[in-house]
Amino acid sequence: MKRVEHILAALGGVDNVVSIEPCVTRLRCQVRRCEQVDEQALRRAGAHGVTVQGHSVQVIVGPDADLLASDLEDLWEEDRES
């Protein structure tokens with residue numbers, strides 16, 4: 001599994017993710033069910049930190065946030081179409 005696949009799975013999978021946006025060093029995600037977010041799995045995937053507030057999840061990933069967000073969106077779209 002690639003890093004982005006691990007991150008998407010730790011966010012609860014394709015059906016749980018509403019949106020993903022990069023913000024400098026973070027991935028800002030909206031999820032349907034925050035209880036499906038696996039913070040430890042996100043850390044194992046390389047996250048430096050995770051903040052969950054309501055349906056908003058911020059995953060601190062460092063300076064490659066833009067690239068990861070783009071890859072996540074591509075993966076997310078592929079999975080939603082299949």
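Please read all numbers here as calculations on a predicted model, not as lab measurements. Residues: numbered from 1 along the sequence shown.
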Donor-acceptor contacts under 3.5 Å from residues 49-56 side chains, at least two apart:
residue: His55; atom: ND1; partner: Val31; partner atom: O; Å: 3.1
residue: His55; atom: ND1; partner: Arg32; partner atom: O; Å: 2.9

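- In this structure, the separation between CG on Leu42 and CD1 on Ile60 is 11.0 Å, given to the nearest 0.5 Å.
- Applying the salt bridge (charged side-chain N to carboxylate O under 4.0 Å, His left out) test to residues at least two apart or on different chains, none of the pairs has a partner in residues 38-51.
- Considering every non-hydrogen atom in both Thr25 and Pro63, the closest pair reads CG2-N, 4.3 Å.
- Under a hydrophobic clustering in which Ile, Leu, Val, Met, Phe, Trp and Tyr are joined whenever their side-chain heavy atoms come within less than 4.5 Å, directly or via other members, Val59 and Val14 fall into the same cluster.
- In this structure, the side chain of Glu5 engages the main chain of Lys2 through a donor-acceptor pair within 3.5 Å.
- A donor-acceptor pair is defined here as one N or O able to donate and one able to accept, closer than 3.5 Å; such a pair exists between the side chain of Asn16 and the backbone of Arg33.
- One hydrophobic cluster holds both Leu75 and Leu27 under the rule that ILVMFWY side chains link at heavy-atom gaps under 4.5 Å.
- For the atom pair CD (Gln58) and SG (Cys23), the distance works out to 7.0 Å, reported to the nearest 0.5 Å.
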Asp66 and Ser70: CA distance, side-chain angles, deciding distance, side-chain contact (heavy atoms from CB on, under 4.5 Å) verdict
CA-CA 6 Å; Asp66 284 326; Ser70 176; over 6 Å; no

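- Asp64 pairs by the side chain to side chain donor-acceptor pair (under 3.5 Å) definition with Arg3, not counting sequence neighbours.
- Interatomic distance, CD1 of Ile7 versus CD1 of Ile20, reported as 9.0 Å (0.5 Å rounding).
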